[in-house]
Structures are given as structure tokens and as C-alpha cells.
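Right, one structure below, let's go through it.
None of the values given here were measured: they were computed from a predicted structure. We use all heavy atoms of the structure for the numbers below, so side chains are in, but hydrogens, waters and symmetry mates are not.
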Amino acid sequence: MLPLENSMDSARTAVVRTRFAPSPTGYLHIGGARTALFNFLVARRLGGKFILRIEDTDQTRNVAGAESKLMADLRWLGLQWDEGPGIGGPANLYRQSERLESYRAAARKLLDAGAAYYAFDTREELDAMRAAAVAAKRNFRYPRPARLPSDADADAARAAGRPVVIRLRMPDQDFVVRDQILGDVTIRAEELDDFVLVKADGWPTYHFAVVVDDEAMLITHVLRGQEHLMNTPNHLALQQALGYHTPVYAHLPIILNMNGSKMSKREKDKAVRAAAKAALDAGKLDRARMATISGAEPGLLDQWLAGETQLESDRLLRLAHALHVQMPEIEIHDFRASGYLPDVLLNFIALLGWNPGDDREKMTLDEMASLFEIERIGKTNARFDRAKLLNFNTTALAAADLGRKVRGFGDYLDANPDSPFRATDDATRSRLLAMHDGIRTFADVETKSGALFAPDDAYPFDADAVEKNLRKGDGAGLRVLTDLRDRLDVLTDWSTAAIEATIRNYGDAGGLGLGKLAQPLRVAVTGGTISPPIFDTLAFLGKQRAMARIGRAIRHVGA
RNA sequence: CCCCCCAUCGUCUAGAGGCCUAGGACACCGGCUUUUCAAGCCGAGAACAGGGGUUCGAAUCCCCUUGGGGGGACCA
């Protein structure tokens, strides 16, 4: 054991090792993504390793499938870990559920050294003690018994059906967290108490597992959210009791919503629930239909509508889609589903709390890795401004070559199982994306071109658009449309250039600007006023489909 | 209620005592451009939370107030 410790020691000074350690409760949260990014960046910058570890010690909170979703989100972002699930590495096991032996051994060591002790309180007893402390306006601290229970006492308690946990005997000393961002933070001894290391179910608590694992995995730098700052003394105490090293700590400021509240999954619920209730009240959708769409059983759906529970991400997304509501993006998967580029998202969240020190903002992951310094991480909480993110994405999309756009669009479609574009091949997607200038996200492709993928005899006409562009002014638009139909009908070369020439010639002859020609055509072939450039749109449809649509529109207006 | 952290334009931030009549980006507002949406171009407005110190000099250092955030679990 000792030689191993020594070799770990030299390894420790030589190699920087950071980790991202999420709990498998769902998709990757935006805050978690930034934590992962910063850890990734530190490792890259300092030539170290980035480790992924799954913290699944709470069996009641683990969600099936969450781990793979987490990993998929991380991979989509390009934050590939060097060691961890699916990759392996020297620590061999990277899920805490697989490392119970290590915790057991560490607990034994602490117990034998008298640094930890058994406790047998029930939940109710603890609650009562806390309530009493609150009533007396005292800080609750667990009342350590004068004589620490023995193993035999623990066996007896277990036999008597009492819960048995192990608590750390917290030393009576102040702790100083030497934080790289916040500076030295002192927490006084009286603020700390004998916290639980091993739960009644035999599993370690987060505090315990983290410390054991960080030591086993030779973690040198811990970058985590500021919500962990007050946990750190617990970890320091444990490291001290176990003779472990203390990593470098850096507690990151928190990412908030524009209104200053915490970015939480609940917001998605709130937004969709409000829309669902409105739809219910308006009689647009009934409960049974909603249950079918969401995939949630009617009972669960009712609970959700009553605000008693939250709905799972995928179900929410399906409902949101059906209800035509924009769900606030909270998890990485949401941003993907909304059509953002992963590197743009990464770039943007990096700027929430970090900047390279000059005026540059647009950076690739590699650039960030070469510029990143913990010293340049700020202390203040940041609000997540979607408008700025949208601008970043727009700019990046405008600069992106077709290949990047096609790849990005593919990723977007993977997250949108109901998209009409799912069935398209790469050639079609290339063609489609090539004619979309100025899109802000891939979702814009859908709003602009979605109608092109509806059946030629079934895409809906927007009444206002028809009125304004085809009927108004005694049917001026309709006359233009009819004239154009006759001219386009005889075109043999259905290229964008030929279509454009035909339409422009007609306009020149009649003294009509393009605006007077494009809009009637646009409404005719798409049903609305929004589409890619009209010549491209007509060419994309092909002559037969375009003419069929124009004919349908003329009949529609005439009727 | 207790403990801890934070505080520059609406938002993200630059600023580490004189370079600041406070810089950039997004948003907003005005104008131009335009085949729709979007994009683009030009221009304008917009901040050192308040109060005390320290100093020749403070956005920068100290204290108080206020405000915001985090924590106070057999959750992480």
C-alpha cells in the first residue's frame, strides 16, 4: 500500500487530472455542461486528463437511461473524456455503484481509527432534533455520544431493526478552503457537524464517495459549482482523516435565468403545463390525446397538470411540439433540439464566467483550450441570455460551410424524431441548406421549408397571407399568379436561373417589382409568406410539383 | 433565522490606484438596404448599488448598509 501511495504521489505532481462527476438523473444540464467544459479545458490546457465519473450513490434518484443520455450530450458537445465509462482507465471502475468495496474499506479504516462512528437514529428522531434546534434558534449539530458505539452495538441495533449509519467524527477545528476563484474561505468549527458517510442502506453519501474517488483517481483539480462551496470543509476533514491529498479547488459561479432565478428543469414543465391547460380550456386538445402524445399514462398526466409532478424531458418535448410552444432550453439536449451548433453553445457558456482577457469572444474549443486559465474565471453569477446565444449561432451558421451545416442538421434531426426532414437524404439536405441564408438555428429551416415537405394537395393556406397577397386590390396578386403560371408552364429548363429570368422578364415588362411577384408565388406554393428565396423554392419543388401547387392556389382563391 | 459568496451599461464582460470624459459584445432605439423571413450596413442612447473612510489621486484598497445568490439532508 505504501509504495503505491508514493507512486501516486509522483504521478500526482506530474499530471493534471480533472473530472466531471454528474448524477444520472436525466439529460446534461446547462450548468453541468459548463462545469464539464471548464474541467475539460483545464485538462487540455495543462496537458492533463479529463475523467468522467458517474455518481450514482442515491438509488432512489437514479434514472434509467440517464447515463447514456448524459454521455451522448457530452459527446455531442465534443467534450470527450480520457477515462471513464465506456473508455476505462487506470482506476478501472468509474461508476460509484461499482466501487462500493473502496468505500467500505475506507469506512472500516475510519471506524478503526475512531475517526468515524455508528449512529442509529431514525429519520423521525433526527427531524425532531432539528425542529428543536430551530425552535431554540440554534444551529443543528448532531449530538455525538460520549461513548462511541462498537461494532457489536451496531449489530445489535441492526438486529433490533434500527437504521445504522456511519458518521464522521468532525474535528473541532476551523477549515480554510483555499479556493482558486474565491480566495481563502474560512468556515468555523461550530458551523460543521458529524455528517453521514455511509447511509442506512449501506451506500456511501456523496461527500464520502467523492473524497475516496478523487483520491483513487488522482484528481488534482476540482472545478465545481459554487453550491458545493460549503461542502468543502466536509471533504477537507475527510481527506485529513484518511491521510489523502487535497486537490486544488475552484468553485464556479452559478448560471441563472434572465430573471435571476436558477435555471431549472421545472421551467420547462411550467411553460408546457401552462400551454397544455390553455389548450384544454380552449378545447383544442383533450386529456386522452395529450396522454397519447406525451406517452404518459392518464393518471400521471393528471398529476402533472395539477403541478404535483414533473414530466420527463422527451415527453415534454413531444407535448410542446404538439402544442406549438417554445420550451425554454435548459438541458443540452434542448439546445440541440432547438437547432444550435454544439461548438457555439460551448463557446457561449464558456463566456459565462470566463473570458480570455481581450475583446475576443468567438472561439473554437481548441482556441479556448489554449487560452484557458483558472485565474481568469470570474466570481459573479451570470444570467443566461438566449438572445446573445442566438446571435452567436446565427453568425456561426452564416460562416459555416455546407458540410458543417449538413452535419449539424443531422444532429438536430436526431433530436427531433417528428421532423418532416427526417426522411431526407444527404443530397436533399445539402440542397435545402444551401438555399437557406440567414437562418438563426436549424429550426428556422423547418419554419421556412416545412411546407415543401407537406403533400402538394394538403399544405394549409394562411388566410391572412392569401388575403393580402392574392385577393387584395381586386385580385391583383391572383392575376400576376395566373400570368406567371402561363409563362412558367412552358418553361422546359426548370433551373433556378431560367425560372428567375422568366419571372424577372415578366416583371420588367409589366413594370412590377419583384415584391409584387414573389409574394403571390410564395403564398401559392407554400401557403404562407415565409420561405427560402422564391426562385430557389420553385426550383427545389421541381416543375411538376410547383405547377401543381400554383394551380391549387388559383383554385383555392377562386373558390 | 444562522453561515458563506458576490456586486461595472438591460445582459455577458474588460478594468488588478493615475492610461477611464469607463472599452467590447449581445439586446434595445433610429436610419439605410431588401423578393418574404432572416441577414447585412450606418448611427445613437445606456453602467462603476448607496454611504463612510485610506490616498495627492479610487470602478479599482478598507468598513458599514442595501441588494442578489449559495448552503444549512441518510440529494448530489
Does NZ or CZ of [X] lie under 6.0 Å from the centre of the six-membered ring of [Y], at an angle within 45° of the ring axis?
{"X": "R34(A)", "Y": "F38(A)", "answer": "yes"}
{"X": "K388(A)", "Y": "F348(A)", "answer": "no"}
{"X": "R167(A)", "Y": "Y117(A)", "answer": "no"}
{"X": "R549(A)", "Y": "Y459(A)", "answer": "yes"}
{"X": "R130(A)", "Y": "F140(A)", "answer": "yes"}

Which nucleotide wins on minimum distance to the side chain of [X], given the candidates [options]?
{"X": "D58(A)", "options": "A76(B), C74(B), A38(B)", "value": "A76(B)"}
{"X": "N355(A)", "options": "C5(B), U13(B), A76(B)", "value": "U13(B)"}
{"X": "L514(A)", "options": "G24(B), U35(B), A76(B)", "value": "U35(B)"}
{"X": "N391(A)", "options": "A27(B), C12(B), C4(B)", "value": "A27(B)"}
{"X": "T380(A)", "options": "U35(B), A76(B), U13(B)", "value": "U13(B)"}
{"X": "A382(A)", "options": "C74(B), G10(B), C12(B)", "value": "C12(B)"}
{"X": "R130(A)", "options": "C37(B), A73(B), G10(B)", "value": "A73(B)"}

Would you measure the distance from the [atom1] atom in [N] across to the matching atom in [M] and give it in whole Å?
{"N": "G15(B)", "M": "U8(B)", "atom1": "C1'", "answer": "9 Å"}
{"N": "G18(B)", "M": "C62(B)", "atom1": "P", "answer": "16 Å"}
{"N": "G10(B)", "M": "G17(B)", "atom1": "P", "answer": "27 Å"}
{"N": "A46(B)", "M": "U21(B)", "atom1": "C1'", "answer": "16 Å"}
{"N": "C6(B)", "M": "U13(B)", "atom1": "C1'", "answer": "15 Å"}
{"N": "A58(B)", "M": "G72(B)", "atom1": "P", "answer": "42 Å"}

Indicate yes or no: does [X] engage [Y] in a salt bridge with an N to O separation below 4.0 Å.
{"X": "D174(A)", "Y": "R188(A)", "value": "no"}
{"X": "D213(A)", "Y": "R99(A)", "value": "yes"}
{"X": "R95(A)", "Y": "E98(A)", "value": "yes"}

Look at all strands and tell whether [X] reaches a base, only sugar-phosphate, or nothing, counting heavy atoms closer than 4.0 Å.
{"X": "H207(A)", "result": "base"}
{"X": "G225(A)", "result": "nothing"}
{"X": "I187(A)", "result": "nothing"}
{"X": "R360(A)", "result": "nothing"}
{"X": "A387(A)", "result": "sugar-phosphate"}
{"X": "V165(A)", "result": "base"}
{"X": "R522(A)", "result": "base"}
{"X": "T447(A)", "result": "nothing"}
{"X": "T25(A)", "result": "nothing"}
{"X": "N469(A)", "result": "nothing"}
{"X": "P253(A)", "result": "nothing"}

Is the distance from OP1 or OP2 of [N] to the nearest side-chain N or O of [X] less than 4.0 Å?
{"X": "N231(A)", "N": "G71(B)", "answer": "no"}
{"X": "K379(A)", "N": "C5(B)", "answer": "no"}
{"X": "R376(A)", "N": "G15(B)", "answer": "yes"}

Any chance the rings of [X] and [Y] have centres within less than 6.0 Å?
{"X": "H235(A)", "Y": "Y206(A)", "result": "yes"}
{"X": "W354(A)", "Y": "F372(A)", "result": "yes"}
{"X": "Y142(A)", "Y": "F195(A)", "result": "no"}

| request: Between L351(A) and Q96(A), just flag the one whose closest nucleotide in RNA chain B comes earlier from the 5' side. | output: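 The residue mapped nearer the 5' terminus is L351(A).
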
| 5'-most contact on RNA chain B: V198(A) or T395(A), nearest heavy atom basis? |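 Closer to the 5' end of RNA chain B: T395(A).
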
| message | I need the residues from residues 524-538 of chain A with at least one non-hydrogen atom less than 4.0 Å from RNA chain B; give them sorted by number, or say none. | response |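 Heavy-atom cutoff 4.0 Å gives T529(A), I530(A), S531(A), P532(A), P533(A), I534(A), F535(A).
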
| What's the OH-P distance between Y206(A) and C74(B), to the nearest Å? |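 Distance, rounded to whole Å: 15 Å.
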
| task | Calculate the interatomic distance between R224(A) atom CZ and C5(B) atom P; express it in whole Å. | result |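 In whole Å, C5(B) P and R224(A) CZ are 16 Å from each other.
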
Any strand is fair game: report the nucleotide pairing with [N] by Watson-Crick or G-U wobble, both distances under 3.5 Å, or none.
{"N": "A25(B)", "result": "U11(B)"}
{"N": "C20(B)", "result": "none"}
{"N": "C32(B)", "result": "G40(B)"}

| task | Using the side-chain hydrogen bond (donor to acceptor under 3.5 Å, both in side chains) rule, take T502(A) and R487(A) through it: C-alpha gap first, then chi angles, then the decisive distance, then the call. | result | CA-CA 7 Å; T502(A) 304; R487(A) 282 166 175 73; over 6 Å; no

Detail all sub-3.5 Å separations between protein N/O atoms and N/O atoms belonging to nucleotides 59-70 of chain B.
from, atom 1, to, atom 2, distance (Å)
G69(B), O2', N381(A), OD1, 2.9

| task | Look at the side chain of K388(A) and the base of A25(B), then say whether one donor and one acceptor between them are separated by less than 3.5 Å. | result |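 Such a pair exists between side chain and base.
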
